[in-house]
Amino acid sequence: MFKKTSNYTQGREPELLVGLDLGTSKVTVVVAERETDGDEAQIIGVGQAPSNGIRKGLIVNLDQAVRSVRQAVSDAQNMVGQDIRDVTVAFGGGEVTSIRSKGMVALGRSPRSVARLDIERVIDAAQANVVVPMNQSILHTIPVEYSLDGNIGIDDPLGMNAMRLDIDVQSIIVPTATIQNVLNCVTRAGLDVNSLVIKPLVSALGVLSPEDALAGAVVLDIGGGTTGVAVFADGRPKHLALLPIGGDHITNDLATVLKLPLNKAEEIKRTISLRSDFEEGDAMNFEHHGREYSIEKTDLHDIVGCRLAELCDELIRPQIKTAKITMLPGGVLLTGGVAKTDGIEDFFLEKLNLPARSALPLDANRMPPNRNTQEFSSAAGIIKYILERERDPFRYLDNPSVIKGGDKARPVQPVQEPFYPGTQPQKGSDGQGFDLFGAVRKIFKDIF
Ligand SMILES: Nc1ncnc2c1ncn2[C@@H]1O[C@H](COP(=O)(O)OP(=O)(O)OP(=O)(O)O)[C@@H](O)[C@H]1O
Ligand SMILES: [Mg+2]
């Protein structure tokens with residue numbers, strides 16, 4: 001328990017809010033207990049299991065993924081001493097498309113007060129303008145901006161007077177098979193899905209203060225197999241994207257270039273700094289399986305820097321540009337496991353020309369020990385997502401028909417691991433000596 005006063009003591013069952021984060025490296029179950037006034041909730045337990053059957057955020061082996069979910073649920077249940085049944089699931093992987101569209105409704109010839117029905121109508125109008133590709137589904141419809149009689153920047157039009165209501169919405173579109181596989185995985189693990197949410201949104205809600213969200217900020221969740229991008233301004237997500245690159249690619253690069261087993265490459269990766277504060281010739285010396293290694297720190301720095309530079313230049317920067325937000329005084333908040341890399345803030349500041357900082361979950365002080373780190377921001381954000389949707393049902397709308405698609409009887413779609421050119425682990429050359437920069441060049445040769 002991580003809360004001093006608990007509803008358990010008041011002789012009634014407290015209401016639990018549960019989030020399930022299907023990550024590439026780990027599956028997390030976060031459990032919060034609703035406070036008595038009903039507006040807030042406190043995290044009381046975080047269960048975790050190594051993630052199997054999930055690559056680049058996508059389920060590639062259903063049975064293994066189901067086992068990982070069951071293990072994480074059991075870990076969380078042991079922690080909170082209660083059964084877990086209903087969950088809100090954060091996932092990401094495969095193609096995620098964000099489409100902006102506009103809608104308008106006339107309110108009358110003279111001004112009148114905007115009702116809930118008007119907001120529903122204007123959202124429907126904007127949705128009608130979205131062309132959803134075959135075999136894809138809208139997962140979220142997120143109002144980005146309301147205008148009343150041409151005045152933009154209206155935060156909440158409900159109850160305000162006008163003759164015309166306009167809206168700009170962002171639709172998040174995901175392959176239908178991806179959604180069905182997530183639903184099948186979670187229902188097979190014995191859980192009921194309350195709603196589904198795309199990961200970059202919950203990562204942002206997990207770390208962004210209301211002030212940063214209002215002023216304008218970018219949240220980058222760099223996890224094991226994906227990078228989530230969320231650009232916020234005026235308190236709303238203006239653009240969300242999920243990129244198929246994460247820390248596992250850095251591990252693969254190190255393993256390939258240095259000809260090391262993956263577990264050793266992973267261990268070394270966590271000690272590498274992106275600061276250039278080493279002396280010329282400084283080396284990391286170690287023995288592995290009877291072989292002596294001496295690797296210059298500058299080479300280690302360059303391998304990690306090369307992958308992160310590509311991620312910034314080729315993938316992240318264009319996404320930030322797409323959001324068309326000119327002022328981002330909140331800067332860049334870096335989260336996810338890779339945000340623990342030493343010196344990453346200065347590296348991103350230089351690359352993106354924005355102040356950057358590594359960000360923990362907002363509720364880190366209430367998270368269990370060892371679960372209050374960057375890897376758990378998205379899981380913590382699921383609880384914020386549940387609460388925000390309760391407070392404002394028009395903030396993040398989901399598509400109820402996609403949940404119905406999780407019928408247990410529905411045949412499981414065959415899943416192929418997605419192919420993103422240049423992101424697969426490369427085989428090293430068979431030559432004896434190794435050409436570090438040749439190998440790094442080879443890794444990136446085909447990218448983009
Ligand atoms: N100290 C560290 N330094 C550098 N990288 C680290 C460190 N600790 C963890 N990582 C990397 O972070 C990644 C895991 O991050 P995280 O737990 O956020 O991923 P995930 O949520 O499971 O995956 P995803 O969100 O991509 O589906 C791994 O690649 C891991 O190697
Ligand atoms: Mg993650």
Side-chain angles (χ1 to χ4, degrees), residues 19-30 46-60 65 68-69 72 89-94 96 178 182 197-207 219-230 240-255 262-275 300-301 303-305 307-308 311 315 333-345 347-348 358-361 367 370-382 417-418 420 423 425:
L20 168 66
D21 180 15
L22 296 175
T24 308
S25 307
K26 58 176 190 341
V27 172
T28 308
V29 172
V30 60
V46 181
Q48 188 198 337
S51 186
N52 292 311
I54 301 176
R55 260 179 244 148
K56 297 187 195 126
L58 200 78
I59 295 172
V60 294
S68 295
V69 171
V89 185
F91 76 102
V96 174
T178 303
V182 168
V197 54
I198 201 75
K199 272 195 291 191
L201 176 57
V202 286
S203 307
L205 297 180
V207 297
V219 178
L220 299 176
D221 176 348
I222 316 178
T226 63
T227 294
V229 182
L240 298 171
L242 194 73
L243 310 170
I245 301 275
D248 295 351
H249 296 83
I250 302 173
T251 310
N252 289 335
D253 294 348
L254 288 164
L262 281 172
N263 57 356
K264 189 67 192 174
E266 174 71 31
E267 185 190 315
I268 287 179
K269 179 180 77 172
R270 294 177 185 224
T271 67
I272 297 174
S273 170
L274 286 166
R275 295 177 214 281
L300 293 171
H301 172 278
I303 296 170
V304 179
R307 182 59 89 167
L308 288 176
L311 176 63
L315 297 175
L333 285 83
L334 296 159
T335 199
V338 176
K340 289 158 92 177
T341 307
D342 185 51
I344 198 163
E345 291 105 329
F347 186 92
F348 272 75
S358 186
L360 294 173
M367 304 273 280
N370 303 326
R371 307 276 205 266
N372 55 355
T373 58
Q374 289 88 338
E375 289 103 316
F376 296 96
S377 301
S378 50
I382 302 174
E417 191 181 349
Y420 302 104
T423 60

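It should be emphasised that the depicted structure is a prediction, and the values quoted were computed from it without experimental measurement. Note that the numbering runs from 1 along the sequence shown for the chain. Ligands are counted one by one from 1 in listed order, and the atoms in each one are counted from 1 as well.
- Nearest heavy atom pair, residue Val207 against residue Ser377, reads CG1-OG, 3.4 Å.
- With sequence neighbours left out, the side-chain contact (heavy atoms from CB on, under 4.5 Å) criterion links Thr251 to Leu262, Ala265, Glu266, Lys269.
- Under the 4.5 Å side-chain criterion, counting only non-hydrogen atoms from C-beta, Thr227 is not in contact with Val338.
- Residues meeting the side chain to side chain donor-acceptor pair (under 3.5 Å) test with Ser358, sequence neighbours left out: Gln374.
- Sorted by chain and number, the heavy-atom contacts of ligand 1 below 4.0 Å come from Gly23, Thr24, Ser25, Lys26, Lys199, Gly223, Gly224, Gly225, Thr226, Gly247, Asp248, Glu266, Lys269, Arg270, Gly336, Gly337, Val338, Lys340, Thr341, Glu375.
- Residues passing the salt bridge (Lys or Arg N to Asp or Glu O under 4.0 Å) test with Lys264, sequence neighbours excluded: Glu267.
- Proximity of Ser68 to Asn52: side-chain heavy atoms (C-beta onward) are separated by under 4.5 Å at one or more points.
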